[in-house]
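Below is one structure, written out as structure tokens, with a few remarks after it.
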Number of protein chains: 2
Amino acid sequence: METWKTTVPHIELYSDGSADPNPGKGGYGIILRYKNISKEFSEGFELTTNNRMEMLGVISGLEKLKTKSNVTVYTDSAYVVDSITKRWVYSWKSKGWRKSDRKPVINVDLWTRLLPLLDFHNVTFVWIKGHAGHPENERCDELAKMARGNGQILKKDEGYTSTLESNQNLSLL
Amino acid sequence: METWKTTVPHIELYSDGSADPNPGKGGYGIILRYKNISKEFSEGFELTTNNRMEMLGVISGLEKLKTKSNVTVYTDSAYVVDSITKRWVYSWKSKGWRKSDRKPVINVDLWTRLLPLLDFHNVTFVWIKGHAGHPENERCDELAKMARGNGQILKKDEGYTSTLESNQNLSLL
RNA sequence: GGACACCAAGUGUG
DNA sequence: CACACTTGGTGTCC
């Protein structure tokens, strides 16, 4: 047997994201679990989208890991899961971040942040149905809502707002 | 002044519908009022939905009117009121009974039965909050429940059961 | 045409 | 609290 498999830690990462309205105030909530110990994290943003929050939850979780790990990611976002497991994201990248209809891919800033993390860690994605009684998924949903809720400090999602500004500049031409 | 306004009768139509369970046994109750005289009607069905009963109450009430009338319809169903007053139903019809997300509209049989009635009469819809102490609304609720209750003769809602059969046929393919 | 998610409103039943 | 019946919108992909 390879020693690799026994020495690399196995981590579980639960993630959920939301925006209200969409686009609007957003947040993500994540649970990182290693053996019997869990940690929770969340962040809120002034102006973003549901899908960016779904992505950013996964990204932030993976970025917190200090050593190369086997990670199982649980999320209800088909957007995130399918883009990786069905290799869409690798196809987009190889085509200069164009989709099969040759229109530009959205959220490239986050996809380019996610790919090296998938390279570094050994990541398995598991899609779970939302609002179907998965305790960790529901806790992440709660964390995300709290993070964007009343009186919370909300960060700027520069990656989203810069896209908006680009669109605005285009319409000025 | 137009003689029209004074010669066309003004009718008040109160309607409520329910199903228990939903879908399941259902009924509607209506009150038709002209001047100081009121009449009550109700029907029960073996298998239907709450929304079909809310619609059918309004339809049956309008169908009972023998002459062109000014009708004010009172119902607690935002489904019924918004579909008309926000012109959703006309948009669906013009798109071949597809919604804005291009998925098929539900209960088309009842919408196509309602539209000519709205054409013929001069109908105003008023949304009233359910269970908020409106006496006529509560009476209609009672009539609906009686009509679907113990030992009542229940009719078949062909429009609903045929939809179920279609779905079943689809799943056999 | 399909899928998932996010948000909003009303009703029905328990 | 939970289920179902229905609609409007957006974010994203095939």
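These numbers were taken from a predicted model, which means no experiment stands behind them. Residue numbering restarts at 1 for every chain, and letters A, B, ... go by the order of the sequence lines.
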Inset, instruction - Please state how far atom OH in Tyr160(A) lies from atom C1' in dG11(D), giving the value in whole angstrom units. - result: 8 Å
Inset, instruction - Could you tell me whether the side chain of Asp76(A) and the main chain of Ile128(A) form a donor-acceptor pair under 3.5 Å? - result: no
Inset, instruction - Please state how far atom NZ in Lys25(B) lies from atom P in dC5(D), giving the value in whole angstrom units. - result: 18 Å
Inset, instruction - Establish, with yes or no, whether the OP1 or OP2 oxygen of U13(C) is under 4.0 angstrom from a side-chain nitrogen or oxygen of Lys145(B). - result: yes
Inset, instruction - Taking only the side-chain nitrogens and oxygens of Arg102(B), find out if one of them lies under 4.0 Å from OP1 or OP2 of G1(C). - result: yes
Legend entry - Residue mapping more 5' on RNA chain C - nearest nucleotide basis, Lys103(B) or Glu54(B): Lys103(B)
Legend entry - Lys95(A) and Ser91(A) side chains, donor-acceptor separation under 3.5 Å: yes
Inset, instruction - Using a 4.0 Å heavy-atom cut-off across all strands, classify Lys86(A) as base, sugar-phosphate, or nothing. - result: nothing
Inset, instruction - Confirm from the modelled atom types if Asn22(A) and dT10(D) form a donor-acceptor pair under 3.5 Å, side chain to base only. - result: yes
Inset, instruction - Would you mind telling me which residue lines up with the more 5' stretch of DNA chain D, Pro23(A) or Asn51(B), judged by nearest nucleotide? - result: Asn51(B)
Inset, instruction - Examine C7(C): is either OP1 or OP2 under 4.0 Å from a nitrogen or oxygen in the side chain of Arg148(A)? Give yes or no. - result: yes
Inset, instruction - Kindly indicate whether the side chain of Asp76(B) and the base of U11(C) share any N or O donor-acceptor pair separated by less than 3.5 Å? - result: no
Inset, instruction - Would you kindly say whether Tyr79(A) and Glu54(A) are connected by a side-chain donor-acceptor distance under 3.5 Å? - result: no
Inset, instruction - Determine the contact category for Gly17(A): base if any of its heavy atoms lies under 4.0 Å from a base atom, sugar-phosphate if only primed atoms, P, OP1 or OP2 are that close, otherwise nothing. - result: sugar-phosphate
Legend entry - Atom-pair distance (CH2 on Trp127(B); P on A9(C)), nearest Å: 12 Å
Legend entry - Interatomic distance, Asp141(B) CG vs G10(C) P [rounded to whole Å]: 18 Å
Legend entry - dT12(D) phosphate, OP1 or OP2, under 4.0 Å from Thr49(A) side-chain N/O: yes
Legend entry - Whole angstrom value for the distance that separates C1' of U11(C) from OH of Tyr79(B): 11 Å
Legend entry - Asn107(A) side-chain N/O to dG11(D) phosphate OP1/OP2 under 4.0 Å: no
Inset, instruction - Check whether any side-chain nitrogen or oxygen of Lys129(A) sits under 4.0 Å from OP1 or OP2 of C4(C), and answer yes or no. - result: no
Inset, instruction - Indicate whether the side chain of Glu158(A) and that of Tyr160(A) have a donor and an acceptor atom separated by less than 3.5 Å. - result: no
Inset, instruction - Answer yes when Arg52(A) and Asp109(A) have at least one side-chain N-carboxylate O distance shorter than 4.0 Å, and no when they do not. - result: yes
Legend entry - Whole-Å distance separating the CG atom of Asp20(A) from the C1' atom of C7(C): 6 Å
Inset, instruction - Check whether any side-chain N or O of Trp92(A) sits under 4.0 Å from OP1 or OP2 of dC14(D), and answer yes or no. - result: yes
Legend entry - Polar contact flag, side-chain donor to acceptor under 3.5 angstrom, Tyr28(B)-Ser15(B): no
Inset, instruction - By nearest nucleotide on DNA chain D, pick out whichever of His131(A) and Val105(B) is the more 5' one. - result: His131(A)
Legend entry - Length of the line joining Asn50(A):CG and dG11(D):C1', which is rounded to integer Å: 4 Å
Inset, instruction - Report the distance from atom CD1 of Ile106(A) to atom P of C6(C), rounded to the nearest whole Å. - result: 20 Å
